[in-house]
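Below, chains carry the letters A, B, ... as their sequence lines are ordered, and counting in each starts from 1. Both backbone and side-chain heavy atoms feed into the values below; hydrogens, waters and symmetry mates do not.
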Amino acid sequence: MANSQDQGSRTLPKAYEPKSFESKWYKYWMDNDLFKAHVVPGKPRFSIVIPPPNITGALHMGHALDTTLQDIFVRYNRMLGYETLWLPGTDHASIATHARIEEMLAEEGTSRWELGREKFLERAWEWKDKYGHIITDQLKTLGASCDWSRERFTMDEVCSRAVIEVFVRLYEKGLIYRGKYMVNFCPGCRTVISDIEVEHQDTDGHLYYIQYPVLSDEDLTKARADAGLGTNGACQGAGAGQATDNAAPAQALRSFKSKIHTNTPAGGYEEFITVATTRPETMLGDTAIAVNPEDPRYGHLVGRYAVLPLVGRIIPIIADKHVDPEFGTGAVKITPAHDPNDFEMGLRHGLDFVSVIDTQGNMTEEAGKYAGLERYECRNKVLEDLEELGYLLKVENHRHSVGHCSRCDSTVEPLISEQWFVKMKPMAEPALEVVRQGKVEFVPERFTKIYEHWMENIRDWCISRQLWWGHRIPAWYCDDCGESIVARTAPDKCTKCGGPVHQDEDVLDTWFSSALWPFSTMGWPDDTEDLRYFFPTDILVTGYDIIFFWVARMIFSSMEFMKQPPFRYVLIHGLVRDALGRKMSKSLGNGIDPLEVIDKYGADALRISLVSGVAMGSDMRFYDEKVEGARNFCNKLWNATRYSLSNLEGWTPPAAAASGSKPKQSELSTMTARWILSRLERTIETVDDALKRFEPGEAIDTIIDFVWNQFCDWYIEFSKESLANPDTREETQLVLWLVLRQSLALLHPFAPFITEELWSYLPKPAGSEDRPLIVSDYPVPGKLSADAEAEELIGNLIEVIKGIRNMRAEVNIPTGKREKAIILAEDPQLWEGFAPYIKRLSWTEPLEILDLNDPDIESKRPRQALTSVAKGAEVFLPLAGVIDIDKEISRLEKSIGELQSELDKTAKRLADKEFLAKAPKHIVEKHQKRHQDNQEKLQALRNRVELLRKIKE
RNA sequence: GGGCGGUUAGCUCAGUUGGUCAGAGCGCUUGCUUGACAUGCAAGAGGCCGGGGGUUCAAGUCCCUCACCGCCCACCA
């Protein structure tokens, strides 16, 4: 396909139609294994793993951005000559997939419970086979140059083996444990979720003030008797629900239940202590009241007991410094089984743990007469009863933060449950260290702090989920002796007593497997070639929203098992928002489908629009006009190529070009050629720098500016003249070809399709290897050199051309209409050489060039003419009969005024001794040169005004 | 309650180590079928770079402070 002979004779279609070639090239790259990475010991390599998209997902703009950024760096490095691996794959997304499949089952009128575990998993796998590849196919339309031969899935054999291995090793090391603790339960998903899966939302609620009667000593004695307890010592676990493994302090004040105090109206008591709560229903599980030890209002009550209204439980009043005397009444009801704070306090004080809400969000048997009620129904009922019995003192509006499930948005229920955890402190240490030492760097740097803060305050990670789709926990329990066995393969009997065993029902948190992604995908725990060559990876590209979920966990997992970080740089990008700056979401319906954008504008336009003008790490707004602009740029490039090709017919690149050698300044006869090559070199330098700093947005903008505003707007126009001249034709052809080639190469990582397509049309140097662009060399600085002389002279030329265009526009001469112009030049010969360019680009005919140093010049100076001044040249537009001298004078005076004020500034600056002494030399020189140039221009303008005044008289 | 980001032309946003940095695109105005491109060309209007203070010869660029907007983290019931 990329055969130069054929390409040379093909003609480029007139319009840029991305659909006509994008899929063709993807297929070509795939068919020729150009994405495939090979283990080549000794060769420098570049590797990266994809953040595996969920199999449930359809491509959204976030993926499109993430993928585009990765592909840019992958293609860039591949072109730089690195053996480049981009390892793709998908995530089983345990909880998300569950939701989708359960939804599907519900539509069929059944449920996971009805189906049972085995059948459910069958359906899940079917679902995965059917839909799991959709998203990866979509990545291909974007141009993602992944090595698909290495595609992995978090639940495939290779990855699953790593998961089991990690679990067992961590368990054996004591870093994974099982225990009863306070966890976040999502009643919607019916599973425990980890701390970071809880989203806190400020919610309008109420603060309920409830008075709890304080028992007199006499009543306490009666209550004890009623509960069948002695008169002294702690009450042993009476009324306790689930307790934790942690032993209670021996001297604990325990609660106990007393029948005689159940449903007693408030009027029956004399002394009260009032608490404030946002969740009255949890009072059914209260086992203490706490006050601040310093609080004078309550000092006398500490150590005494209160009655829990409606329930009749007798609960101690304790002192704890964590109680804020300022909040509410300064007295807090303590529900150790349903509040994380209270849980801690329960442990500290040896309180009972009474669970009154179950995993479905319904009240348990412990809730007595409220058992079976849904938690909010129960709240209402409890309030009603409290009110009726006279315990509810008042209700205030209160805004507070409530935990919601990040997946289904249900209100999370904190409760005590037996789960598996990863002990985080020991794992966080090395993960923190490696970032602090700069061995892993976040880009932009500010995300380092976010990471560190999280790692420093990390709590144990709850990894078990009450789901079926995922990696089942490799733990078995003996039916007879209760022994638990953690093993790589299922034991057939209990290792302790030989009894029958059953496997833990739960699966692991989805992120447990993705945490291993950088090495599990390369075959760990085996010592594979891939692992040795491609690990650790170079960069990781992802959004800031999953730094905790994924990035942090990959780092600590890798530190534990690979003894080194999984990647060198973490590139963080922001969110893609809609045109109004809102997050794109399904519920808002404001999401933009990348595939539709591709369909309309092409993948290249989408890619460019996603990175152009965006700084790494910050959110961006996405809107049609942006893609349109990118598409227009593609069209521009297309047509610049079309123009060039039409002028390259019959021309063949010199053999010297095959080795990549470029013409030297001294070998070029046209200043314009020297100029554009100098501009190209600067562009290459800037792009190189931007990409090394991981700022693709700057890189693409630089390339667009070069191609459009320098190559197309100026050089191509210049070339129309130099091509027409037989003496400079061949040189111009070479330069057109060269600049175009380099531009396509520079642009390829950003817009792979159009560049590969256009590249295929460009003639290839005879005898050179005919490689597709994707594996051609990326332009690097230093091959060409900056050419100060050409930049200066062509800069002046452009100034003159713009001057003429300005004057013409001033008096409304239509574009293209030929007008005469006169130039008074310090170097007439030079300007004589530029004359054809000036004529063409500013529609000048005829053009007269006079010598400024001619002694007779004053007499030759045009009288009736518009004037503009450039460096080394005065330009006149003599429009017989049209010029209004007064108007012209005032126009010139305006420019004089502007120039003057600029001169004043630089003059002041240059008169400043401190500036001259302290500023670097090159800065001073710059100012001096500028000042001088401006002075010359100013003088010319003043002379002109003077002359016009004389003429007028 | 902590932490972070933003505040630059009508709109969306760039501005690395302080020294042409006052920019781009879109939009707007005016004129153009200029043989690559109307998905275009040419010209133009438009900004005390959020307020205040400071450091410096020199500050959108560094420091302090205030004001909005947004995000993240946090066990205030």
Side-chain angles (χ1 to χ4, degrees), chain A residues 12 14-16 182 196 200 207-208 275-279 282 290 322-324 326-329 331-335 339-345 398 400-401 414 444 446-447 449-450 453-454 457 544-545 547-548 574-575 579 581 601 605 612-615 617-623 625-626 628-647 689-690 693 695 697-698 701 704-705 709 712-713 716-717 720 802 805-810 812-817 840-843 902 906 909 912-920 922-924 926-927 930:
Chain A
L12 203 53
K14 181 158 171 145
Y16 163 60
M182 169 82 30
I196 53 173
H200 290 92
L207 197 56
Y208 301 93
V275 299
T277 181
T278 55
R279 299 194 58 192
T282 63
H322 282 84
V323 178
D324 176 6
E326 303 292 316
F327 188 90
T329 61
V332 200
K333 61 187 266 315
I334 302 300
T335 321
D339 181 280
N341 279 324
D342 294 3
F343 178 77
E344 293 299 321
M345 213 178 283
H398 181 64
H400 63 130
S401 113
R446 64 173 184 272
F447 292 103
K449 254 185 247 164
I450 296 176
H453 181 258
W454 188 73
N457 299 290
Y544 58 67
D545 49 335
I547 292 177
F548 305 145
L575 264 38
Y601 299 104
S612 167
V614 180
S618 49
D619 292 355
M620 66 165 301
R621 296 190 191 197
F622 190 89
Y623 41 96
E625 287 85 342
K626 212 171 164 182
E628 221 174 282
R631 189 271 321 266
N632 293 354
F633 169 69
C634 290
N635 183 253
K636 190 74 178 172
L637 179 70
W638 186 270
N639 278 289
T641 307
R642 218 157 67 85
Y643 165 82
S644 304
L645 287 174
S646 73
N647 287 105
D689 178 61
R693 285 186 291 112
E695 285 294 355
E698 281 180 50
D701 288 343
I704 292 173
D705 176 69
N709 303 124
C712 291
D713 285 355
I716 282 189
E717 294 307 322
K720 288 172 184 172
K802 288 196 151 193
R805 286 172 178 174
N806 282 348
M807 289 187 287
R808 293 169 52 103
E810 194 82 29
N812 291 320
I813 300 170
T815 316
K817 183 164 183 290
R840 174 178 288 272
L841 274 72
S842 58
W843 313 282
E902 219 178 299
T906 42
R909 182 49 73 80
D912 186 342
K913 279 189 189 134
E914 274 189 285
F915 170 70
L916 294 175
K918 292 183 181 172
H922 71 275
I923 297 291
V924 176
K926 229 188 222 172
H927 281 263
R930 193 174 155 204

Practice task
Using the C1' atoms only, state how far B:C28 lies from B:U12, rounded to an integer number of Å.
Solution key: 16 Å

Exercise for the section: Classify the glycosidic conformation of B:G60 as syn or anti, calling it syn when the angle lies within 90° of 0. Expected result: syn

Problem - Span that lies between the P atom of B:C41 and that of B:G25, in whole angstrom - result: 10 Å

Exercise for the section: Looking at every strand, decide which applies to A:Ala640 at a 4.0 Å heavy-atom threshold: base, sugar-phosphate, or nothing. Expected result: base

Exercise for the section: Give the C-alpha distance, both sets of side-chain angles, the deciding distance and a yes or no for side chain to side chain donor-acceptor pair (under 3.5 Å) between A:Lys333 and A:Thr282. Expected result: CA-CA 9 Å; A:Lys333 61 187 266 315; A:Thr282 63; 2.7 Å; yes

Problem - Integer-rounded Å distance: B:A58 P and A:His922 NE2 - result: 18 Å

Exercise for the section: Considering just the side-chain nitrogens and oxygens of A:Asn632, establish if one lies under 4.0 Å of OP1 or OP2 belonging to B:G40. Expected result: yes

Exercise for the section: Determine the interatomic distance between C1' on B:G15 and the same-named atom on B:U29; round to the nearest Å. Expected result: 28 Å

Handout entry: Value in whole Å for how far the P atom of B:C71 lies from CD1 of A:Ile450
Key = 14 Å

Exercise for the section: Name the closest nucleotide to the A:His927 side chain, picking from B:G19, B:C76, B:U20. Expected result: B:G19

Exercise for the section: Determine: side-chain N/O of A:Lys720 to OP1/OP2 of B:A36, distance under 4.0 Å, yes or no. Expected result: yes

Practice task
Would you kindly check whether a donor in the side chain of A:Arg621 faces an acceptor in the base of B:U12, or vice versa, at under 3.5 angstrom?
Solution key: no

Handout entry: Pairing nucleotide - B:G44, Watson-Crick or G-U, each distance under 3.5 Å
Key = B:C28

Practice task
Indicate the ring-plane relationship of A:Trp454 and A:Phe548, choosing parallel, tilted or perpendicular according to the 30° and 60° boundaries.
Solution key: parallel

Completion exercise
Answer for the Watson-Crick or wobble partner of B:C13, both distances under 3.5 Å, is B:G23

Handout entry: C1' atoms of B:C4 and B:A77, separation to the nearest Å
Key = 28 Å

Exercise for the section: Identify whether any heavy atom of A:Ser618 sits under 4.0 Å from a base atom; if not, whether one sits that close to sugar-phosphate; answer base, sugar-phosphate or nothing. Expected result: sugar-phosphate

Practice task
Could you check whether A:Arg446 gets within reach of a base, just the sugar-phosphate, or nothing at all, counting any heavy atom under 4.0 Å?
Solution key: sugar-phosphate

Practice task
Drop me the distance from A:Thr815's OG1 to A:Arg805's CZ, to the nearest 0.5 angstrom.
Solution key: 9.0 Å

Problem - OP1 or OP2 of B:C4 under 4.0 Å from side-chain N/O of A:Lys449 - result: yes

Exercise for the section: Respond yes when some side-chain nitrogen or oxygen of A:His398 is under 4.0 Å from OP1 or OP2 of B:A77, and no when none is. Expected result: yes

Practice task
Determine, for nucleotides 41-46 of chain B in 5'-to-3' order, which nucleotides have protein heavy atoms under 4.0 Å from the base (write B), from only the sugar-phosphate (write S), or from neither (write -).
Solution key: SSSS--

Practice task
Mark yes when over 12 heavy atoms from residues, nucleotides or ligands other than A:Lys802 sit less than 6.0 Å from its NZ; otherwise mark no.
Solution key: no

Practice task
Output the single nucleotide from B:A36, B:U16, B:C57 whose closest atom is nearest the side chain of A:Asn639.
Solution key: B:A36

Exercise for the section: Would you classify A:Ile704 as touching base, sugar-phosphate or nothing, given that sugar-phosphate means primed atoms plus P, OP1 and OP2, and contacts are heavy atoms under 4.0 Å? Expected result: nothing

Fill in the blank from the handout: B:C71 -> Watson-Crick or G-U wobble partner, both distances under 3.5 Å, gives B:G3

Problem - Watson-Crick/G-U partner (both atom distances under 3.5 Å) of B:G35 - result: none

Fill in the blank from the handout: Closest to the side chain of A:Phe327, out of B:C37, B:G15, B:C76, is B:C76

Problem - Rounded P spacing from B:U30 to B:C21 in Å - result: 32 Å

Exercise for the section: For A:Tyr208, report the nucleic acid contact type (base, sugar-phosphate, nothing); a contact means any heavy atom under 4.0 Å. Expected result: nothing

Completion exercise
Between the CD atom in A:Glu698 and the CZ atom in A:Arg693, the distance rounded to the nearest 0.5 Å is 4.5 Å

Practice task
For B:C37, take OP1 and OP2 only and decide whether either is under 4.0 Å from a side-chain N or O of A:Lys14.
Solution key: yes

Practice task
Determine the Euclidean distance between corresponding P atoms of B:G6 and B:C62; express it in Å to zero decimal places.
Solution key: 10 Å

Exercise for the section: Grab the CZ-C1' distance between A:Arg808 and B:C32 for me, whole Å please. Expected result: 10 Å

Problem - Residue A:Thr277, side-chain atoms from C-beta onward, closest of B:U39, B:A77, B:G15 - result: B:A77

Problem - Atom-to-atom span, CZ of A:Phe633 to C1' of B:G40 - whole angstrom - result: 15 Å

Problem - Whole-Å C1' distance, B:U20 and B:U55 - result: 24 Å

Fill in the blank from the handout: In whole angstroms, the gap separating P of B:U34 from CZ of A:Arg840 amounts to 13 Å

Problem - Mutual orientation of the aromatic rings belonging to A:Trp638 and A:Tyr16 [parallel < 30°, tilted 30-60°, perpendicular > 60°] - result: tilted

Problem - Distance, rounded to the nearest Å, where A:Ile923 contributes CD1 and B:U17 contributes C1' - result: 13 Å

Completion exercise
Partner of B:C49 under the Watson-Crick or G-U wobble criteria, both distances under 3.5 Å, comes out as none

Exercise for the section: Scan A:Glu717 against the nucleic acid and name what it touches under 4.0 Å (heavy atoms): base, sugar-phosphate only, or nothing. Expected result: base

Problem - Proximal nucleotide (of B:A77, B:C32, B:A14) relative to the A:Pro814 side chain - result: B:C32

Exercise for the section: Mind calculating the distance between CG (A:Asn457) and C1' (B:C72) to the nearest angstrom? Expected result: 13 Å

Practice task
Report which part of the nucleic acid A:Gly613 touches: base, sugar-phosphate, or nothing (heavy-atom distance under 4.0 Å, all strands).
Solution key: sugar-phosphate

Problem - Separation of the C1' atoms in B:G50 and B:G60, to the nearest angstrom - result: 11 Å

Exercise for the section: Using a heavy-atom cut-off of under 4.0 Å over every strand shown, decide if A:His400 touches base, sugar-phosphate, or nothing. Expected result: sugar-phosphate

Practice task
Give one of base, sugar-phosphate or nothing for A:Asp912, where a contact means two heavy atoms less than 4.0 Å apart.
Solution key: sugar-phosphate

Practice task
Would you mind classifying the nucleic acid contact of A:Arg279 as base, sugar-phosphate or nothing, using non-hydrogen atoms under 4.0 angstrom?
Solution key: nothing

Completion exercise
Taking every heavy atom of A:Ile334 against every heavy atom of A:Met345, the minimum-distance pair comes out as CD1-SD, 3.5 Å

Fill in the blank from the handout: Here the distance between atom C1' of B:C26 and atom CZ of A:Arg631, to the nearest Å, is 14 Å

